[in-house]
Amino acid sequence: MPGAVVLLAVLAGTLAGCGTPPELRQPATLPSIGTPGPTPSASAPPTGLATPPTPPVAGPPTTPASDLVAGPCTDGPSVDRVVALLRGPAGVLSRSVAVRAGEGPLCAGDWQYTVLRVTGHEELQVVTRGRPGDLELVTAGTDVCTIEVRVAGPPGIRALACDAVPGAIPGA
């Protein structure tokens with residue numbers, strides 16, 4: 001018990017010196033109100049009145065709104081462009097397999113998420129990034145929640161690739 005009393009005394013002594021923050025203290029003297037005189041102009045601050053500086057407001061780091069939620073791509077790649085990437089340089093799909101659009105492309109920032117229905121196979125999830133003319137495959141498969149998507153992908157894409165329930169409607 002004596003240790004608790006000593007600890008309480010030390011904490012009380014330490015905290016007692018803090019007091020009221022300067023921006024919340026009343027000024028020691030208030031300017032006197034004199035006889036009416038000329039009205040100060042709107043551009044000049046009244047003399048004798050000091051406004052305490054406004055402390056900066058600290059908040060969470062901002063993320064552009066276009067990164068937070070994935071939505072239909074307005075200027076992103078088409079489904080045909082994603083399929084062409086998968087059939088071409090990426091070599092994920094053969095030219096003989098039939099592919100239909102399932103969902104997307106949905107965009108968040110410069111990343112895209114697309115679900116393709118491949119005849120005779122499970123749905124193929126695809127994560128890409130870049131502009132339609134310079135599209136890069138990030139990953140494709142039945143589970144696209146890779147380390148790259150988790151670390152570098154925008155929140156809207158991570159939500160679809162890593163948090164989505166298969167077969168669920170996004171945002172529902």
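Here the structure is a predicted model, which means the values were calculated and not measured. One is the number of the first residue; the rest follow in order along the sequence.
Minimum heavy-atom separation, Asp75 to Pro132: O-CG, 3.6 Å. For the pair Pro77 and Pro105, the tightest heavy-atom approach, listed with the atom from each and the gap, is O-CG, 3.2 Å. Nearest heavy atom pair, residue Gly104 against residue Val79, reads O-CG2, 3.3 Å.
Contact annotation: the side chain of Leu124 never approaches that of Val115 to less than 4.5 Å [non-hydrogen atoms, C-beta and beyond]. Side-chain atoms of His121 and Val97, non-hydrogen and from C-beta on, do get closer than 4.5 Å to each other. A heavy-atom distance below 4.5 Å is found between the side chains of Trp111 and Val127. Side-chain contact between Leu135 and Gln112: present, with at least one pair of heavy atoms (C-beta onward) separated by less than 4.5 Å.
Atom OG1 of Thr128 is separated from atom CG of Leu137 by 7.5 Å, given to the nearest 0.5 angstrom. Note that the CD1 atom of Ile157 and the OH atom of Tyr113 stand 9.0 Å from one another [nearest 0.5 Å].
The side-chain hydrogen bond (donor to acceptor under 3.5 Å, both in side chains) analysis of residues 132-157, with sequence neighbours excluded, yields the pairs Arg129-Glu136, Arg129-Glu148. Residue pairs that meet the side-chain hydrogen bond (donor to acceptor under 3.5 Å, both in side chains) test with at least one member in residues 86-98, sequence neighbours left out, are Ser94-Ser96.
When the options Glu123, Glu122, Glu103 are evaluated for a side-chain contact (heavy atoms from CB on, under 4.5 Å) with Arg117, the one that passes is Glu123.
Placement of Val126 and Val118 within a single hydrophobic cluster is found when ILVMFWY residues are connected by side-chain heavy-atom separations under 4.5 Å, directly or transitively.
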